[in-house]
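Single-structure report; data block below.
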2 protein chains.
Amino acid sequence: MTAHSDHRPVETVETAIDLLGVLKQAGRTGMGVTEIAAELGLAKSTAHRHLQTLVDRGLIVRAGDSYRLSSWFLDYGIHVRNRHPLYDLARPKVDELAAETDEKVWCVIEEDDIGVHLYGATGKHSVTTHARVGNRTPLHQFAAGKAILANLPDGQTDRIIDGHGLSERTPQTITDPGELRGELESIREQGYALNREESVPGVHAVGAPVRDEDGRAIGAISIAGPANRLRGELLTQELPDLLLGAVNEVEVNLAHA
Amino acid sequence: MTAHSDHRPVETVETAIDLLGVLKQAGRTGMGVTEIAAELGLAKSTAHRHLQTLVDRGLIVRAGDSYRLSSWFLDYGIHVRNRHPLYDLARPKVDELAAETDEKVWCVIEEDDIGVHLYGATGKHSVTTHARVGNRTPLHQFAAGKAILANLPDGQTDRIIDGHGLSERTPQTITDPGELRGELESIREQGYALNREESVPGVHAVGAPVRDEDGRAIGAISIAGPANRLRGELLTQELPDLLLGAVNEVEVNLAHA
DNA sequence: CACTCGTGTTCGAATAGCGGGAACACACTT
DNA sequence: AAGTGTGTTCCCGCTATTCGAACACGAGTG
């Protein structure tokens, strides 16, 4: 039960991770040894040696004199996704919902107190937000996240709110702890969460939690679309009904697995 | 221009990578400190320290007393995929082909002398092979790979054949260098490659390369299906025609980007 | 054509930090 | 209550990491 471990880390590994982070930002173009060394505050020789070992192990590739991340990460990343229990269970339902509603549908999971976009399906008229598979988003900022946050074990919700704070994303984002707790209470009552431009201006969403046998949320599914289309009865009745039906099916399958 | 670097690697980083590899194999369940230490031949304290730094940096998560890979890898992996030039260009065509043919369609790229499955679309009657996004496969073992192999710069093809060898996957896999070179020659002539149960028994496929301005293959698209459905004119005429049309469009878009 | 500035690469030496082992705490069995 | 299995901590020795300087190479540029 440690909030933050002060134990001395393996510094060499940390620099390697930092290096990978820098290369991620560099994107497809990649970066050269000198530039990387400067960015990390390392000697060129050190950066060079790190890069060589990472190339040898296949984590990065070298094209000319610039290095970039390799598809090693794709391999590991997809592996992580495929092995998540919700992936196989939720994917067909997410596809179904997207086809029925023509909106963007997401499956989100909770990991380490934040929300991770596990799988998304695109309907015909879907809005294209900047959300991507793998994206990490604070739970209080969006419908699926709030649905999860409202159904976590007692202590965890408080720890997240108090520990991480409530960062603002749009003017509508809930940043007041008291307000959020009230919202979470009503989410628990009605079974689903709404998001009215709290994460992206002009976008509304509905989210419902996927709970395990003990009622703990392990993830959520959400439907998102343009604010002027998702409103009134559609937003507060029809879509929640549809969503809750789908989520319920997922929960049943989850229990039997 | 080094085939294999004998330069002394950063061993600490290597053990960290090994550790991640072990955790990948462990899958969703994860592993404990003692087990990991035993697997890697490390002292428990060492394994413990590595695990803590990886947790601190978010690469792995701890649930109870077992560690597993986190969605950090999904984030990085999707990032790598999205930034590949072929991803945005080929995806719509791959979806289209899957819808038209009802078969499994893959976009494969070459990286570091091997084939990587970048994106796949599933048609209504698609076979489910064990291929997954991120999977790495020797180029000589499948249609898309052979299509790439036939259109690489002179030296590279030879280096791959001679350097990596021609591993067998099914009894039909081409393992003779001479035979393969002949096959590659005819692939260059007709513009597409066939795969008759060379990677999966009972599965046939057609693959065509995506080339850049200089004619170098940077990837390929393939259509795969059951052997008893993909045969005769369909396999040697209709599907190749369809595929070459799609690939050509991708190439045009690639040149204009 | 030489000269310079920019790369990436290599080498040796100093020391910081990695790794190991033993002792500890804790939980669960018996 | 003793026993076995975890994960955790501490400290010391020695190795492996790091740095800086020197080297090689190419592309501009006068």
Side-chain angles (χ1 to χ4, degrees), chain A residues 1-23 25-70 112 155, chain B residues 1-23 26-70 112:
Chain A
M1 274 308 156
T2 58
H4 267 263
S5 35
D6 51 352
H7 317 304
R8 209 164 302 133
V10 185
E11 297 181 17
T12 308
V13 173
E14 290 199 308
T15 65
I17 295 171
D18 290 341
L19 201 161
L20 295 172
V22 168
L23 283 186
Q25 274 202 307
R28 174 100 191 138
T29 318
M31 287 172 81
V33 177
T34 310
E35 200 179 355
I36 293 169
E39 183 79 21
L40 294 170
L42 296 174
K44 269 201 303 181
S45 55
T46 309
H48 184 251
R49 206 150 83 93
H50 271 264
L51 287 167
Q52 280 207 341
T53 69
L54 292 172
V55 167
D56 283 347
R57 295 312 206 87
L59 305 225
I60 64 181
V61 293
R62 176 177 180 170
D65 276 343
S66 91
Y67 298 86
R68 63 162 189 269
L69 300 183
S70 82
D112 228 352
Chain B
M1 273 307 159
T2 57
H4 269 263
S5 36
D6 50 352
H7 318 303
R8 206 167 302 127
V10 186
E11 297 180 16
T12 307
V13 172
E14 290 199 309
T15 65
I17 295 171
D18 290 341
L19 201 162
L20 295 173
V22 167
L23 283 186
R28 175 103 190 134
T29 318
M31 287 172 81
V33 177
T34 310
E35 200 180 354
I36 292 169
E39 183 78 21
L40 293 170
L42 295 174
K44 270 202 300 181
S45 57
T46 309
H48 184 252
R49 207 150 84 93
H50 272 264
L51 287 166
Q52 280 207 341
T53 68
L54 292 171
V55 168
D56 283 347
R57 294 315 204 86
L59 305 226
I60 63 181
V61 292
R62 176 177 181 170
D65 276 342
S66 91
Y67 298 85
R68 63 162 190 270
L69 301 183
S70 83
D112 228 352

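Residue numbers begin at 1 in each chain, while the letters A, B, ... track the order of the sequences.
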Side-chain contact, heavy-atom cut-off 4.5 Å: B/I36 with B/L42?
-> no

Find the distance B/E11:CD to C/dG17:P and express it as a whole number of Å.
-> 17 Å

Would you say a side-chain N or O of B/H48 is under 4.0 Å from OP1 or OP2 of D/dT8?
-> yes

Which of these passes side chain to side chain contact (heavy atoms under 4.5 Å, CB included) with A/T46: A/H48, A/R49, A/H50?
-> A/H50

A/I36 atom CD1 is separated from C/dG6 atom C1', nearest whole Å, by 16 Å

Would you say B/H7 reaches C/dT9's phosphate, i.e. side-chain N/O to OP1/OP2 under 4.0 Å?
-> no

Looking for any heavy atom pair under 4.0 Å, which part of the strands does B/T34 touch: base, sugar-phosphate only, or nothing?
-> sugar-phosphate

Separation of D/dT8 P from B/D56 CG (nearest whole Å) = 12 Å

Check the distance between C/dG20's C1' and B/L40's CG and give it to me in whole angstrom.
-> 15 Å

How do B/T15 and A/Y67 order along DNA chain C: which one's closest nucleotide is nearer the 5' end?
-> A/Y67

Could you tell me whether the side chain of A/D18 reaches within less than 4.5 Å of the side chain of B/R57, counting heavy atoms only?
-> yes

Distance-only donor-acceptor test (3.5 Å): side chain A/S45, base D/dG20 | yes

Nucleotide nearest A/T12 when distance is taken to its side chain, options D/dT18, D/dT9, C/dG19 = D/dT18

Name the closest nucleotide to the A/R62 side chain, picking from C/dT9, D/dT9, D/dG7.
-> C/dT9

Taking all atoms of both residues into account, what is the closest heavy-atom pair of B/S70 and B/G58, and its distance?
-> OG-O, 2.6 Å

Side chain of A/V33 - closest among D/dT17, D/dT8, C/dG8 = C/dG8

Does A/H50 make a side-chain N or O approach to OP1 or OP2 of D/dT18 shorter than 4.0 Å?
-> yes

Side-chain heavy-atom pair B/L54, A/I17 within 4.5 angstrom cut-off = yes

Hey, is the side chain of B/K44 pairing donor to acceptor with the base of D/dG7 inside 3.5 Å?
-> yes

For B/V13 and for B/S66, locate the closest nucleotide of DNA chain D by heavy-atom distance; then report the residue assigned to the nucleotide nearer the 5' terminus.
-> B/S66

For B/E14 and D/dA16, what is the distance between atoms CD and C1' respectively, to the nearest whole Å?
-> 12 Å

Do the side-chain N or O atoms of A/T46 get closer than 4.0 angstrom to the phosphate oxygens (OP1, OP2) of D/dC19?
-> yes

Figure out the CD/C1' separation between B/E35 and D/dG7, and round it to whole Å.
-> 14 Å

Are any non-hydrogen side-chain atoms of A/L23 and A/R68 less than 4.5 angstrom apart?
-> no

A/A43 side-chain proximity, nearest of D/dC19, D/dG7, D/dT17 | D/dC19

Expressed in angstrom and rounded to an integer, what is the separation of A/D65 atom CG from D/dG26 atom P?
-> 11 Å

Can you check whether B/R49 has a side-chain N or O nearer than 4.0 Å to OP1 or OP2 of C/dC18?
-> yes

Between B/R8 (CZ) and C/dG12 (P), how many Å, whole number?
-> 10 Å

